[in-house]
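Scroll down for the structure; my scribbles are underneath it.
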Number of protein chains: 2
Amino acid sequence: MKRNTWQREAVREALTSNDGFVSAQSLHTGLREHGSPIGLATVYRALADLASEGEADSLQSPEGEALYRACSTSGHHHHLICRRCGTTVEIAADDVEQWAQRVASEHGFTDARHVVDVFGLCATCTALEAASASAPPI
Amino acid sequence: MKRNTWQREAVREALTSNDGFVSAQSLHTGLREHGSPIGLATVYRALADLASEGEADSLQSPEGEALYRACSTSGHHHHLICRRCGTTVEIAADDVEQWAQRVASEHGFTDARHVVDVFGLCATCTALEAASASAPPI
DNA sequence: CTGCTTTTGAGTATCATTATCAATAAGCGC
DNA sequence: GCGCTTATTGATAATGATACTCAAAAGCAG
């Protein structure tokens, strides 16, 4: 039987109120700072549940950390993520879906699934970057 | 100055002689089984070097492990990977490149980079899967 | 060969994630 | 509302991949 606990709700809300992708760790830290005595293990479990129910999306950051985000659109879609501020735009990509299927079957592959994510700098961060470029890095 | 050590060569060769993606860990294990007393740290260093020089490609497995593979094609390309046996096909995807750029700029993003990988079951493994389906799993 | 510098490697540290398991509390029937 | 059953929680330990440390070994120039 599936039970409703405030912890699960807290995780769901924390995820929903966040624009970009967040790691389980930072989500946990954030919740504690808001006063929740929620445990780390519980956050992981809740995130895994949400992800498997399709209410959240997960991806691996380049550093190997797992990132989660609440999905507004149910169903399959991809993401455009700012690598500086984490802002995320959901993108539907029928073209890409079809391309993936076609490429897979051309090579005899079945049951194709794909990872398609675009990382970049959002408009805001591009501007910031340009501004800070005058000060030489490191 | 960059020095030539047999260890680095060993890693390069082990990578080249491998069809699919391999993890640093299994590469290290394999090398030791072949008699090399190479150290784990060295394997990691060599792989990171090869990857940054463009001689190897790296991606994150769904389990968060980093996988490496020698790239035959220099330049940008993507992969079609069998999730059972690890066989990999390199795929060029100009369509996808353009799509990624277009989507990014439509949303004001710059400096777009993307992760596009297709996971599936290759023809061989599909057949195996079908065969073993008659015997109930686990 | 000599000397300087890079690289190695054994071990350790770190960090994210998962497993453990006793204590807690949700939801059910009454 | 009450108690019972059982899923859930959470502190902690375990795991596993990767990064760091530093003395010893080895590469390369002269």
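From a predicted model like this one, the values you see are computed outputs, not experimental measurements.
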All salt bridge (charged side-chain N to carboxylate O under 4.0 Å, His left out) counterparts of B:Glu97, not counting sequence neighbours: none
Rounded distance in Å - CD (A:Gln60) to C1' (D:dG16): 14 Å
Straight-line distance of B:Arg32 CZ to B:His34 NE2, nearest 0.5 Å: 14.0 Å
Pairwise 5' ranking along DNA chain D for B:Ala24 and B:Arg45, keeping only the more 5' one: B:Ala24
Set of residues satisfying side chain to side chain contact (heavy atoms under 4.5 Å, CB included) with respect to B:Ser36, sequence neighbours excluded: B:Trp6, B:Leu31, B:Ile38
Whole-Å gap separating P (D:dA19) and CG (B:Asp49): 12 Å
What does the list of N/O pairs under 3.5 Å between the protein and nucleotides 14-16 of chain C look like, with a distance for each?
none

side-chain hydrogen bond (donor to acceptor under 3.5 Å, both in side chains) pairs, two or more places apart, involving residues 41-51 of chain B: B:Arg8-B:Asp49, B:Gln25-B:Tyr44
Partners meeting side-chain hydrogen bond (donor to acceptor under 3.5 Å, both in side chains) with B:Glu106 (sequence neighbours left out): none
Strand-adjacent residues in residues 26-43 of chain B, judged by heavy atoms under 4.0 Å from DNA chain D: B:Leu40, B:Ala41
For B:Ser58, side chain to side chain contact (heavy atoms under 4.5 Å, CB included) partners two or more places apart: B:Tyr68
Step-by-step ring pair (Phe, Tyr, Trp, His ring centres under 6.0 Å) determination, A:Phe21 to A:His79: CA-CA 10 Å; A:Phe21 276 88; A:His79 298 101; 5.1 Å; yes
Lys/Arg-Asp/Glu bridge criterion (N-O < 4.0 Å) met for B:Glu53, B:Arg12: no
Side-chain hydrophobic cluster, 4.5 Å single linkage: members besides A:Leu80: A:Val89, A:Ile91, A:Val96, A:Trp99, A:Val103, A:Phe109, A:Val116, A:Val118, B:Leu80, B:Val89, B:Ile91, B:Val96, B:Trp99, B:Val103, B:Phe109, B:Val116, B:Val118
From B:Arg69 atom CZ to B:Glu55 atom CD, the distance as rounded to the nearest 0.5 Å: 14.0 Å
End axis versus end axis in the helix from C:dC1-D:dG30 to C:dC30-D:dG1, the angle rounded to 10°, five pairs used at each terminus: 40°
Whole angstrom value for the distance that separates C1' of D:dT9 from CG of A:Leu47: 15 Å
By salt bridge (charged side-chain N to carboxylate O under 4.0 Å, His left out) - contacts of B:Asp111 (at least two apart): A:Arg83, B:Arg113
Test item: side-chain donor near acceptor, A:Ser26 and A:Ser23, under 3.5 Å: yes
Qualifying residues under side-chain hydrogen bond (donor to acceptor under 3.5 Å, both in side chains), relative to B:Glu33, sequence neighbours excluded: none
Members of residues 3-13 of chain A that approach DNA chain D, where some heavy atom sits under 4.0 Å away: A:Arg3, A:Thr5, A:Gln7, A:Arg8
